[in-house]
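Below is one structure; the comments refer to it alone.
What you are looking at is a predicted structure, and each value in this text was computed from that prediction instead of being measured. These numbers come from the heavy atoms of this one structure, side chains and all, not from hydrogens, waters or symmetry mates. Letters go in sequence order (proteins before strands), and every chain restarts at 1.
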Protein chains: 4
Amino acid sequence: MSELRYNNKRIYYEIYGDGEPLILLNGIMMSHLSWKAFIPELSKNKKLILFDFLDQGKSDKMEGIKYGHELQVEALKALINHMNIKKADIVGISYGGEIAMQFAIKYKELVGKLILFNTASYTTPWLRDIGRGWINAAKTYDPETFYNVSIPYIYSPLFYTENNEWMEKRRKILYNVFNRDFLNSMIRLTKSSEGYEIRSMLREIKAETLIVGAEYDYITPLIEQEYINENIKGSKFLVIKNCGHASMYEKPNEFILLVNGFLNIEKSLLIV
Amino acid sequence: MSELRYNNKRIYYEIYGDGEPLILLNGIMMSHLSWKAFIPELSKNKKLILFDFLDQGKSDKMEGIKYGHELQVEALKALINHMNIKKADIVGISYGGEIAMQFAIKYKELVGKLILFNTASYTTPWLRDIGRGWINAAKTYDPETFYNVSIPYIYSPLFYTENNEWMEKRRKILYNVFNRDFLNSMIRLTKSSEGYEIRSMLREIKAETLIVGAEYDYITPLIEQEYINENIKGSKFLVIKNCGHASMYEKPNEFILLVNGFLNIEKSLLIV
Amino acid sequence: MSELRYNNKRIYYEIYGDGEPLILLNGIMMSHLSWKAFIPELSKNKKLILFDFLDQGKSDKMEGIKYGHELQVEALKALINHMNIKKADIVGISYGGEIAMQFAIKYKELVGKLILFNTASYTTPWLRDIGRGWINAAKTYDPETFYNVSIPYIYSPLFYTENNEWMEKRRKILYNVFNRDFLNSMIRLTKSSEGYEIRSMLREIKAETLIVGAEYDYITPLIEQEYINENIKGSKFLVIKNCGHASMYEKPNEFILLVNGFLNIEKSLLIV
Amino acid sequence: MSELRYNNKRIYYEIYGDGEPLILLNGIMMSHLSWKAFIPELSKNKKLILFDFLDQGKSDKMEGIKYGHELQVEALKALINHMNIKKADIVGISYGGEIAMQFAIKYKELVGKLILFNTASYTTPWLRDIGRGWINAAKTYDPETFYNVSIPYIYSPLFYTENNEWMEKRRKILYNVFNRDFLNSMIRLTKSSEGYEIRSMLREIKAETLIVGAEYDYITPLIEQEYINENIKGSKFLVIKNCGHASMYEKPNEFILLVNGFLNIEKSLLIV
């Protein structure tokens with residue numbers, strides 16, 4: 001249980017294990033709590049750092065303040081400064097991947113390896129309007145409405161169908177999470193992505209990068225990761241089969257094996 | 001401008017051209033108006049019949065009445081009786097495809113060829129909850145909310161992004177369409193699909209069938225049409241590239257060529 | 001049974017039906033005979049023209065003469081002149097599609113609609129070496145060797161497996177076809193494709209174009225047709241599911257419906 | 001440099017590093033030499049065992065002897081006995097994956113984790129005839145013929161094209177490898193796969209299994225790994241993008257990260 005202050009706001013983080021620093025960046029609806037089951041495997045030989053973006057989890061709310069991704073990039077910078085980290089490996093999923101790429105462009109020297117799950121380099125009008133639908137739904141402050149217009153699309157049709165009992169349990173949990181405060185944060189977080197567009201800057205990413213997409217990701221479809229892969233030199237690109245946008249929930253072991261496997265490589269082979 | 005009565009309800013239909021009857025069955029948000037641009041090509045050598053399901057377009061509203069797909073199947077039957085049709089080719093898209101399949105199972109002798117665009121044989125829990133999200137959004141009676149939580153997913157990300165100006169014009173048109181009456185109908189139509197499940201009955205379809213899916217259909221993904229294709233004997237299966245669920249809007253010429261091309265075949269080749 | 005002379009060589013063609021001219025261009029191993037079963041459907045309202053490229057079917061062999069695609073393009077031009085055709089719709093599959101595109105670039109005014117099945121705009125080193133393997137195999141003059149190193153890749157794994165009895169009958173027929181003369185022609189035809197590269201010229205194609213790929217085409221994979229589609233303005237792009245390179249054999253009805261459906265469109269809709 | 005005798009035949013193997021045993025099983029054209037560049041990363045915390053199947057590398061030739069996969073399964077068993085191994089993790093690619101699965105069915109207690117790259121559970125008539133084409137080509141004893149009819153299909157079209165210089169160097173190396181002895185071994189190894197069919201036995205595999213396919217694998221297409229994945233309980237399934245059948249050559253780092261990442265998992269998460 002640790003925190004720092006950035007811009008008069010409290011930023012919450014947790015540390016597990018010992019070794020080279022590895023920072024996990026949350027998707028938009030997530031918090032440090034989302035990673036609980038992943039801690040043992042991801043902190044085995046690493047100093048694992050969980051971190052709540054502003055408006056997430058135990059970090060401060062940004063009530064009344066309009067912000068963009070830059071704020072989160074700088075919050076991450078503040079954390080790295082605060083912890084006196086020279087270089088960290090960074091894993092980001094969705095929203096977290098977007099912040100991770102922007103951080104890797106702005107603070108090249110602070111980034112070791114970069115792992116991007118289910119993310120995009122541009123909030124297209126399509127994705128913007130999906131976000132606006134989430135905002136519309138959040139403004140009803142009705143958990144059921146927010147759940148039904150967002151959660152199903154985040155999972156693959158097959159997973160959602162085959163694990164419907166688990167989904168129904170999750171629905172109950174999330175109804176409690178989706179309170180007024182959370183939904184107001186969601187609105188601000190979603191708005192912070194509206195102008196996001198770094199397609200022309202991807203070439204500036206110099207970190208060794210692993211890109212992971214999911215076969216049935218209907219929020220950031222595979223074409224988004226294909227674009228990123230084409231524009232980051234030497235990046236690796238793998239796809240999780242039978243999986244939707246919430247890959248860490250649908251396929252936690254695949255998530256872990258990809259992260260640990262990529263971080264574990266000491267020297268990239270160059271056969272060709 | 002014609003109509004008939006079924007179960008004390010008025011059913012609206014329109015007829016164009018001359019020849020063998022060809023009935024188009026609408027998707028859930030559509031009506032006979034949606035086909036306007038298609039009429040010249042689809043009625044060239046056919047008696048083209050546009051038909052509003054109950055709760056669609058100019059057919060009667062079903063206020064206060066709970067119903068399932070059977071009602072629409074029987075409404076279609078009433079139309080065919082009324083017009084004294086012996087056998088009709090049927091094209092259905094999405095909701096219309098679901099009614100078409102059920103009709104083809106129940107009234108085999110009345111169906112010539114069957115063409116199914118972007119449809120499914122089962123309302124999975126995933127699709128059911130997407131539908132419930134639409135219902136939640138409809139109940140706000142706010143056109144913007146309903147638009148943002150439904151329309152983006154219906155188009156492919158690329159189409160929506162590349163034709164954003166057109167989408168914005170369409171948004172304005174649809175805000176006028178999405179009035180209280182329409183949204184109440186949408187709620188009932190969506191509910192009528194909740195219990196839909198005909199997977200085990202697909203084998204009873206004996207009509208010559210063409211199945212069409214779209215690469216980026218995020219409402220009835222390609223796996224749904226693959227399932228249908230595996231279970232209807234001798235069916236043909238084609239995919240529209242770079243296209244989402246609303247294939248007739250995104251790719252109208254491909255839609256027309258597939259319909260006319262398939263109907264035009266006199267005798268199926270059997271080379272193997 | 002008709003022929004013309006071009007460059008002192010006899011070019012064989014056949015005509016069926018009456019109407020606007022529609023020319024079919026063969027894949028590399030095909031001849032006018034390959035289309036026999038297709039004639040009734042494709043000649044219904046068309047003057048269907050089957051045509052053997054030089055070194056194919058009943059057209060003259062090119063023994064001792066090295067040539068490229070230009071020769072076939074000019075042979076086609078000679079046919080069109082000879083028949084006094086002002087404008088023809090052209091369907092090409094594989095090798096025939098390559099000639100069709102080059103013809104459409106060079107003789108824009110002579111081409112109505114263009115339909116391209118399973119074709120590419122560039123003989124990559126990969127495809128070149130596959131071709132060289134065919135040439136190596138042909139030079140053994142052993143039908144079994146030539147069959148086994150070429151035919152399986154031309155069909156989709158599923159079709160080949162599910163229709164293995166038919167394939168075995170076909171094998172027997174082809175062993176008779178694969179005589180020394182045929183194999184020598186195959187060697188020259190394959191060599192004529194080696195330098196083929198028109199990627200930068202695709203934008204010059206002005207004909208209304210339908211591009212068709214097959215899900216399991218392992219000779220001209222879908223990425224080839226995606227490239228063509230991105231570079232011909234307004235082209236339509238459809239995919240035949242569960243099908244390999246020899247789409248006309250595996251899915252003859254889909255082939256016919258796509259051709260007739262596309263040719264049948266009088267005026268392209270432009271909804272967006 | 002170590003060897004054992006099995007059935008009067010010498011079996012060659014090499015050991016690197018220290019830790020739990022990890023056995024790599026070669027694809028059909030490979031040998032222990034193929035893994036040279038992989039040794040540092042794969043032997044970091046493992047006792048890495050490279051092993052030549054009979055008719056591969058430095059293991060004995062099987063001249064004059066007809067055999068099936070059982071022989072290789074038993075050769076592997078002999079190696080494990082010889083080394084007094086209680087349980088080993090096994091990685092198999094293509095042919096090696098086929099042997100690995102059969103070993104995991106027959107000797108459940110000896111297998112820890114199982115990793116299957118680019119493999120199949122059945123030699124379909126399609127794959128059988130591709131193999132027969134390789135045999136036909138091998139019998140010419142001409143390295144160029146054998147190269148051209150086999151190697152291009154083993155790589156993805158894009159890799160082969162973009163790395164054509166490297167492929168040409170590889171061609172020269174392989175021309176030396178493809179001598180009479182090697183080709184005779186290839187013929188026997190290929191024949192040993194002809195009757196292979198374990199589809200109905202996959203459910204007996206109890207090892208924790210990772211299945212890896214490649215987007216452009218034209219020898220054992222993704223549908224083969226999908227089938228395996230559906231039939232091994234709890235298996236994980238990942239896909240290497242922009243990659244063909246020879247995934248270890250095209251994407252060596254992805255290969256390594258998948259192997260090490262999967263082996264590194266201590267306890268599978270079960271979130272659902």
Side-chain angles (χ1 to χ4, degrees), chain A residues 120 122-168 170-171 174 190 197 199 215-224 226-227 241-242 244-245, chain B residues 120 122-168 170-171 174 190 197 199 215-224 226-227 241-242 244-245:
Chain A
Y122 168 38
T123 299
T124 59
W126 180 77
L127 189 54
R128 178 199 65 206
D129 286 356
I130 285 175
R132 288 183 181 172
W134 291 7
I135 292 171
N136 293 136
K139 286 181 175 169
T140 66
Y141 298 105
D142 171 37
E144 182 188 313
T145 297
F146 187 71
Y147 183 96
N148 283 336
V149 309
S150 63
I151 300 300
Y153 298 103
I154 288 175
Y155 289 87
S156 70
L158 232 71
F159 179 90
Y160 198 94
T161 294
E162 286 177 359
N163 301 286
N164 203 241
E165 263 182 69
W166 183 81
M167 288 306 313
E168 287 306 310
R170 195 147 176 78
R171 177 191 288 272
L174 288 176
T190 304
E197 154 68 292
R199 284 180 295 175
E215 189 179 21
Y216 299 111
D217 185 336
Y218 292 169
I219 299 296
T220 53
L222 274 173
I223 39 168
E224 298 295 342
E226 275 168 26
Y227 187 86
K241 289 285 291 183
N242 303 320
H245 184 65
Chain B
Y122 168 37
T123 300
T124 60
W126 179 78
L127 190 54
R128 178 201 66 206
D129 286 356
I130 285 175
R132 288 183 181 172
W134 291 7
I135 292 171
N136 294 134
K139 285 181 176 169
T140 66
Y141 298 106
D142 171 38
E144 183 189 312
T145 298
F146 186 72
Y147 183 97
N148 283 335
V149 310
S150 63
I151 300 300
Y153 299 103
I154 288 174
Y155 288 87
S156 69
L158 232 70
F159 179 90
Y160 198 94
T161 293
E162 285 177 359
N163 302 287
N164 203 242
E165 262 181 69
W166 183 81
M167 289 305 314
E168 287 306 311
R170 196 147 176 78
R171 179 190 287 271
L174 289 175
T190 305
E197 154 70 292
R199 285 180 295 175
E215 190 179 20
Y216 299 111
D217 186 336
Y218 292 169
I219 298 297
T220 53
L222 275 173
I223 41 169
E224 298 295 342
E226 276 167 26
Y227 187 87
K241 288 286 289 183
N242 304 320
H245 184 65

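Of the two parts of A:Glu168, only the side chain, counted from C-beta on, holds a non-hydrogen atom closer than 4.5 Å to a non-hydrogen atom of chain B. In this structure, chain B has a heavy atom under 4.5 Å from the side chain of A:Asn164, while its backbone stays farther away. For A:Leu158, the part lying under 4.5 angstrom from a heavy atom of chain B is the side chain only. Interface remark: A:Ile223 contributes side-chain atoms only to the contact with chain B (heavy atom separation under 4.5 Å). Using a 4.5 Å cut-off between heavy atoms, A:Thr140 contacts chain B through its side chain alone, with no backbone atom that close.
Here the shortest heavy-atom pairing between A:Glu215 and A:Asn242 reads OE1-N, 2.9 Å. Across every non-hydrogen atom of B:Ile151 and B:Met167, the tightest pair is CG2-CE, 3.9 Å. In plain terms, the two heavy atoms of B:Trp134 and B:Val149 that are nearest each other are NE1-O, 3.7 Å. For A:Glu224 against A:Thr124, the heavy-atom pair with the smallest separation is OE2-CG2, 4.1 Å. Closest heavy-atom contact between A:Pro152 and B:Asp129: CG-CB, 3.8 Å. B:Ile219 approaches B:Trp126 most closely through the heavy-atom pair O-CZ3, 3.4 Å.
Note: A:Pro157 leads A:Gly131, A:Ala137, A:Pro157 in heavy-atom pairs under 4.5 Å with chain B. By number of non-hydrogen pairs under 4.5 angstrom with chain A, the leading residue of B:Tyr218, B:Tyr155, B:Tyr160 is B:Tyr218.
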